[in-house]
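Okay, structure first, notes after.
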Amino acid sequence: MKEDWNSIEQFARSLLQEAAENIKSSLYDSITINTKSNENDLVTNKDEEIEKFFYEKIKKKFPNHYLLGEEGKGDELNQVNGIVWILDPIDGTMNFVHQKRNFAISLGIYENGIGKMGFILDVIHNELYFAKKGEGAYLNDQEISPLKNIVLEEAIVAVNAIWLTKNRYLNHEKLGKLIKKVRGSRSYGSAAIEMVYVAMGRIDAYITPRLSPWDFAAGKIIVEELGGICTTLKNEELSILKKSSVLVSNSSIQKDLITDYIEFFQ
Ligand code: IPD
Ligand code: CA
Ligand code: CA
(Lines give C-alpha, C1' and ligand atoms only; values in the text may rest on other atoms or scores of the structure.)
(Ligands and ions follow the chains in the order given, each with its own letter.)
Protein backbone atom coordinates (compact mmCIF):
# COMPACT_ATOMS: atom_id res chain seq x y z
CA MET A 1 0.00 0.00 0.00
CA LYS A 2 1.31 3.43 -0.91
CA GLU A 3 1.48 5.71 2.10
CA ASP A 4 -0.06 9.17 2.08
CA TRP A 5 2.93 11.06 3.51
CA ASN A 6 1.12 14.35 3.26
CA SER A 7 -1.62 13.22 5.57
CA ILE A 8 0.92 11.62 7.95
CA GLU A 9 2.79 14.95 8.06
CA GLN A 10 -0.35 17.00 8.72
CA PHE A 11 -1.46 14.60 11.44
CA ALA A 12 1.98 14.67 13.11
CA ARG A 13 1.95 18.48 13.03
CA SER A 14 -1.47 18.60 14.70
CA LEU A 15 -0.37 16.17 17.46
CA LEU A 16 2.80 18.17 18.10
CA GLN A 17 0.84 21.42 18.41
CA GLU A 18 -1.71 19.87 20.75
CA ALA A 19 1.02 18.33 22.92
CA ALA A 20 2.94 21.62 23.06
CA GLU A 21 -0.19 23.54 24.11
CA ASN A 22 -0.79 20.98 26.83
CA ILE A 23 2.79 21.35 28.14
CA LYS A 24 2.74 25.15 28.00
CA SER A 25 -0.62 25.52 29.69
CA SER A 26 0.45 23.34 32.61
CA LEU A 27 4.07 24.48 32.85
CA TYR A 28 3.74 25.84 36.39
CA ASP A 29 1.35 23.17 37.70
CA SER A 30 2.87 20.79 40.20
CA ILE A 31 4.47 17.79 38.54
CA THR A 32 5.42 14.37 39.82
CA ILE A 33 9.13 13.75 39.34
CA ASN A 34 10.61 10.26 39.45
CA THR A 35 14.07 8.97 38.67
CA LYS A 36 15.00 6.18 36.24
CA SER A 37 18.50 4.73 35.67
CA ASN A 38 20.10 7.04 38.28
CA GLU A 39 19.11 9.95 40.53
CA ASN A 40 19.80 12.52 37.78
CA ASP A 41 17.81 10.65 35.11
CA LEU A 42 14.42 12.30 35.54
CA VAL A 43 10.94 11.50 34.30
CA THR A 44 7.73 13.37 35.10
CA ASN A 45 4.05 12.59 34.77
CA LYS A 46 4.08 14.97 31.74
CA ASP A 47 6.59 12.84 29.80
CA GLU A 48 4.34 9.82 30.30
CA GLU A 49 1.10 11.69 29.56
CA ILE A 50 2.43 13.13 26.28
CA GLU A 51 3.73 9.76 25.08
CA LYS A 52 0.42 8.09 25.88
CA PHE A 53 -1.41 10.87 24.02
CA PHE A 54 0.67 10.25 20.86
CA TYR A 55 0.30 6.48 21.12
CA GLU A 56 -3.48 6.53 21.44
CA LYS A 57 -3.99 9.09 18.64
CA ILE A 58 -1.57 7.35 16.24
CA LYS A 59 -3.06 3.89 16.81
CA LYS A 60 -6.55 5.22 16.22
CA LYS A 61 -5.67 7.00 12.98
CA PHE A 62 -3.05 4.54 11.65
CA PRO A 63 -3.63 1.14 13.34
CA ASN A 64 -0.82 -0.49 11.34
CA HIS A 65 1.86 2.05 12.38
CA TYR A 66 4.14 1.48 15.38
CA LEU A 67 5.32 3.84 18.08
CA LEU A 68 8.67 3.48 19.78
CA GLY A 69 8.75 5.82 22.76
CA GLU A 70 11.08 6.53 25.64
CA GLU A 71 8.56 5.98 28.41
CA GLY A 72 7.44 2.51 27.34
CA LYS A 73 3.86 3.54 26.51
CA GLY A 74 4.29 2.47 22.89
CA ASP A 75 5.15 -0.75 21.12
CA GLU A 76 8.06 -3.06 21.86
CA LEU A 77 10.05 -3.36 18.67
CA ASN A 78 12.83 -5.68 17.62
CA GLN A 79 12.57 -5.03 13.88
CA VAL A 80 12.23 -1.95 11.71
CA ASN A 81 9.63 -3.07 9.15
CA GLY A 82 6.66 -0.84 8.45
CA ILE A 83 6.08 2.71 9.60
CA VAL A 84 7.60 3.48 12.97
CA TRP A 85 7.05 6.75 14.84
CA ILE A 86 9.98 7.30 17.21
CA LEU A 87 9.11 9.70 19.99
CA ASP A 88 10.83 11.43 22.83
CA PRO A 89 7.87 13.21 24.47
CA ILE A 90 10.15 15.59 26.37
CA ASP A 91 13.83 15.63 25.45
CA GLY A 92 15.67 17.62 28.08
CA THR A 93 13.55 16.61 31.05
CA MET A 94 16.10 18.07 33.46
CA ASN A 95 15.73 21.44 31.72
CA PHE A 96 11.95 21.03 31.76
CA VAL A 97 11.97 20.43 35.52
CA HIS A 98 14.63 22.99 36.52
CA GLN A 99 14.39 25.70 33.88
CA LYS A 100 10.99 25.38 32.17
CA ARG A 101 12.73 25.93 28.83
CA ASN A 102 15.26 24.33 26.46
CA PHE A 103 13.38 21.08 26.03
CA ALA A 104 11.78 19.65 22.91
CA ILE A 105 9.38 17.09 21.57
CA SER A 106 11.35 14.90 19.18
CA LEU A 107 9.53 12.81 16.59
CA GLY A 108 11.10 10.85 13.75
CA ILE A 109 9.01 8.82 11.32
CA TYR A 110 10.76 5.88 9.64
CA GLU A 111 9.66 3.47 6.93
CA ASN A 112 11.43 0.10 6.88
CA GLY A 113 14.30 1.65 8.86
CA ILE A 114 14.71 4.68 6.59
CA GLY A 115 14.09 8.14 8.02
CA LYS A 116 11.28 9.89 6.13
CA MET A 117 10.32 12.86 8.33
CA GLY A 118 11.86 14.46 11.38
CA PHE A 119 10.18 16.99 13.68
CA ILE A 120 11.81 18.70 16.65
CA LEU A 121 9.61 21.19 18.45
CA ASP A 122 11.35 23.57 20.85
CA VAL A 123 8.19 24.06 22.87
CA ILE A 124 8.89 27.32 24.69
CA HIS A 125 10.45 29.12 21.73
CA ASN A 126 7.66 27.93 19.37
CA GLU A 127 10.29 26.68 16.93
CA LEU A 128 9.37 23.67 14.85
CA TYR A 129 12.29 22.16 12.94
CA PHE A 130 11.11 19.82 10.22
CA ALA A 131 12.67 17.83 7.39
CA LYS A 132 11.22 15.50 4.81
CA LYS A 133 13.85 13.27 3.25
CA GLY A 134 14.89 14.65 -0.13
CA GLU A 135 12.51 17.62 0.10
CA GLY A 136 14.35 20.11 2.31
CA ALA A 137 14.25 21.26 5.90
CA TYR A 138 12.34 24.09 7.54
CA LEU A 139 12.29 26.14 10.72
CA ASN A 140 8.59 26.96 11.05
CA ASP A 141 7.81 28.03 7.47
CA GLN A 142 11.29 29.26 6.61
CA GLU A 143 13.46 26.94 4.52
CA ILE A 144 16.84 26.20 6.17
CA SER A 145 19.98 26.64 4.04
CA PRO A 146 22.34 23.70 3.60
CA LEU A 147 25.43 23.67 5.82
CA LYS A 148 28.60 25.39 4.59
CA ASN A 149 32.13 24.05 5.04
CA ILE A 150 33.99 25.31 8.09
CA VAL A 151 37.42 24.87 9.71
CA LEU A 152 37.95 23.39 13.16
CA GLU A 153 39.55 26.58 14.50
CA GLU A 154 36.28 28.43 13.89
CA ALA A 155 33.96 25.66 15.10
CA ILE A 156 31.72 25.58 18.16
CA VAL A 157 31.38 22.12 19.63
CA ALA A 158 28.70 20.85 22.03
CA VAL A 159 29.85 18.45 24.69
CA ASN A 160 28.82 17.91 28.29
CA ALA A 161 31.61 18.98 30.68
CA ILE A 162 31.44 15.59 32.41
CA TRP A 163 33.24 14.01 29.43
CA LEU A 164 36.22 16.30 30.01
CA THR A 165 36.80 14.56 33.33
CA LYS A 166 38.25 11.04 33.50
CA ASN A 167 35.51 8.57 32.53
CA ARG A 168 35.04 5.11 31.08
CA TYR A 169 33.59 6.12 27.72
CA LEU A 170 35.80 8.79 26.18
CA ASN A 171 39.46 9.79 26.22
CA HIS A 172 39.04 13.06 28.13
CA GLU A 173 42.56 14.30 27.32
CA LYS A 174 41.98 14.12 23.56
CA LEU A 175 38.64 15.86 24.03
CA GLY A 176 40.40 18.54 26.09
CA LYS A 177 42.74 19.17 23.13
CA LEU A 178 39.71 19.61 20.90
CA ILE A 179 38.17 22.15 23.26
CA LYS A 180 41.41 24.16 23.15
CA LYS A 181 41.56 23.94 19.35
CA VAL A 182 38.00 25.07 18.54
CA ARG A 183 36.52 28.54 18.91
CA GLY A 184 34.08 27.59 21.67
CA SER A 185 32.12 24.89 23.44
CA ARG A 186 28.52 24.68 24.63
CA SER A 187 26.13 22.28 26.35
CA TYR A 188 22.36 22.69 26.08
CA GLY A 189 21.05 19.59 27.88
CA SER A 190 18.76 18.35 25.12
CA ALA A 191 20.16 16.05 22.45
CA ALA A 192 17.36 17.02 20.06
CA ILE A 193 18.08 20.73 20.43
CA GLU A 194 21.82 20.14 20.07
CA MET A 195 21.19 18.20 16.87
CA VAL A 196 19.06 20.89 15.26
CA TYR A 197 21.61 23.50 16.32
CA VAL A 198 24.17 21.57 14.25
CA ALA A 199 21.66 21.45 11.39
CA MET A 200 21.24 25.24 11.62
CA GLY A 201 25.02 25.87 11.78
CA ARG A 202 24.61 27.46 15.23
CA ILE A 203 27.09 24.88 16.47
CA ASP A 204 29.23 22.61 14.32
CA ALA A 205 29.38 19.29 16.19
CA TYR A 206 27.74 17.47 19.08
CA ILE A 207 29.64 14.66 20.80
CA THR A 208 27.94 12.27 23.20
CA PRO A 209 28.72 8.70 24.31
CA ARG A 210 25.27 7.36 24.98
CA LEU A 211 21.92 8.13 23.36
CA SER A 212 18.78 6.15 22.61
CA PRO A 213 16.93 6.02 19.28
CA TRP A 214 14.27 8.49 20.49
CA ASP A 215 17.03 11.02 21.24
CA PHE A 216 18.46 11.02 17.71
CA ALA A 217 15.78 9.62 15.33
CA ALA A 218 14.32 12.99 14.31
CA GLY A 219 17.54 14.98 14.51
CA LYS A 220 19.34 12.58 12.18
CA ILE A 221 16.83 13.17 9.40
CA ILE A 222 17.02 16.96 9.77
CA VAL A 223 20.84 17.11 10.00
CA GLU A 224 21.35 14.81 7.01
CA GLU A 225 18.87 16.74 4.90
CA LEU A 226 21.14 19.78 5.32
CA GLY A 227 24.35 17.93 4.48
CA GLY A 228 25.54 17.15 8.01
CA ILE A 229 26.57 13.70 9.24
CA CYS A 230 25.28 11.57 12.15
CA THR A 231 27.22 8.44 13.08
CA THR A 232 28.47 6.70 16.19
CA LEU A 233 31.69 8.03 17.71
CA LYS A 234 33.42 5.23 15.77
CA ASN A 235 31.99 6.41 12.48
CA GLU A 236 29.45 3.55 12.22
CA GLU A 237 25.87 3.88 11.07
CA LEU A 238 23.26 4.58 13.76
CA SER A 239 20.53 2.00 14.35
CA ILE A 240 17.02 2.99 15.41
CA LEU A 241 16.81 -0.18 17.50
CA LYS A 242 19.93 0.39 19.61
CA LYS A 243 21.44 2.77 22.13
CA SER A 244 24.75 4.13 20.91
CA SER A 245 27.32 6.86 21.02
CA VAL A 246 26.56 9.72 18.64
CA LEU A 247 28.61 12.23 16.68
CA VAL A 248 26.58 14.88 14.87
CA SER A 249 28.73 17.06 12.72
CA ASN A 250 29.20 19.48 9.90
CA SER A 251 30.70 17.14 7.26
CA SER A 252 33.79 19.28 6.69
CA ILE A 253 35.18 18.58 10.20
CA GLN A 254 33.80 15.08 10.86
CA LYS A 255 36.87 13.14 9.71
CA ASP A 256 39.30 15.28 11.75
CA LEU A 257 37.12 14.88 14.85
CA ILE A 258 37.07 11.11 14.54
CA THR A 259 40.74 10.62 13.70
CA ASP A 260 42.38 13.21 15.97
CA TYR A 261 40.13 14.04 18.91
CA ILE A 262 37.60 11.32 19.69
CA GLU A 263 38.63 8.04 21.24
CA PHE A 264 35.62 6.03 22.36
CA PHE A 265 36.53 3.13 24.64
CA GLN A 266 33.38 0.96 24.36
C1 IPD B 1 18.52 13.31 27.68
C2 IPD B 1 18.95 14.62 27.08
C3 IPD B 1 20.39 14.92 27.45
C4 IPD B 1 21.32 13.78 27.03
C5 IPD B 1 20.85 12.48 27.66
C6 IPD B 1 19.41 12.20 27.24
P7 IPD B 1 15.91 13.09 28.35
O8 IPD B 1 17.19 12.99 27.31
O9 IPD B 1 18.83 14.60 25.68
O10 IPD B 1 20.84 16.10 26.83
O11 IPD B 1 22.62 14.06 27.47
O12 IPD B 1 21.69 11.43 27.24
O13 IPD B 1 18.99 10.98 27.84
O14 IPD B 1 16.15 12.07 29.40
O15 IPD B 1 15.88 14.47 28.85
O16 IPD B 1 14.80 12.74 27.43
CA1 CA C 1 15.90 12.19 25.43
CA1 CA D 1 12.69 12.18 27.35
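Counting convention: from 1, in listed order, for ligands and their atoms alike.
Each of the atoms 16 (O) of ligand 1 lies under 4.0 Å from some heavy atom of D88. Taking a cut-off of under 4.0 Å to the non-hydrogen atoms of S190, the atoms of ligand 1 that pass are 9 (O), 10 (O). Each of the following atoms of ligand 1 lies closer than 4.0 Å to a heavy atom of I90: 16 (O). Close contacts between ligand 1 and G92 involve ligand atoms 7 (P), 15 (O), 16 (O) [criterion: under 4.0 Å to a heavy atom]. For ligand 1, the atoms closer than 4.0 angstrom to any heavy atom of G189 are 2 (C), 3 (C), 10 (O). Short contacts between ligand 1 and R210, defined as distances under 4.0 Å to a heavy atom of the residue, involve ligand atoms 12 (O).
Counting just the N/O/S atoms of D88, the one with the shortest distance to the Ca ion (ligand 2) is named OD2. Closest to the Ca ion (ligand 2) among the N, O or S atoms of D91 is OD1.
Around atom OH of Y66, no more than 12 heavy atoms belonging to other residues, nucleotides or ligands sit under 6.0 Å away.
For N140 (side chain) and N126 (main-chain N/O), a donor-acceptor pair under 3.5 Å exists by modelled atom type. Side chain of Q79 to backbone of N81: a donor-acceptor contact under 3.5 angstrom is found.
Note: no N/O pair closer than 3.5 Å links Y206 and ligand 1 by distance alone. Any N or O atom pair closer than 3.5 Å counts here, and T93 shares at least one such pair with ligand 1. Here's the thing with A191: one of its N/O atoms is less than 3.5 angstrom from an N/O atom of ligand 1. An N or O contact shorter than 3.5 Å is missing between L211 and ligand 1 by distance. For the pair A192 and ligand 1, the shortest N or O to N or O distance does not fall below 3.5 Å. The N/O atoms of D91, backbone and side chain alike, include one that comes under 3.5 Å of an N/O atom in ligand 1.
Taking the six-membered ring for Trp, F265 and Y169 have ring centres at least 6.0 Å apart.
One hydrophobic cluster, built from ILVMFWY side chains closer than 4.5 Å, cannot hold both L238 and F264; they sit in different ones.
Taking atom 14 (O) of ligand 1 as the reference point, the nearest protein heavy-atom neighbour is E70 OE2, 3.9 Å. Annotation: atom 6 (C) of ligand 1 to nearest protein heavy atom, D215 OD1, 4.0 Å.
Seen from the ring of F62, K59 does not count as a face-on cation partner, given the 6.0 Å and 45° thresholds. Seen from the ring of Y188, R202 does not count as a face-on cation partner, given the 6.0 Å and 45° thresholds.
The Ca ion (ligand 2) lies at 3.0 Å or more from every N, O or S atom belonging to E70.
Every heavy atom of T208 sits 4.0 Å or more from the atoms of ligand 1.
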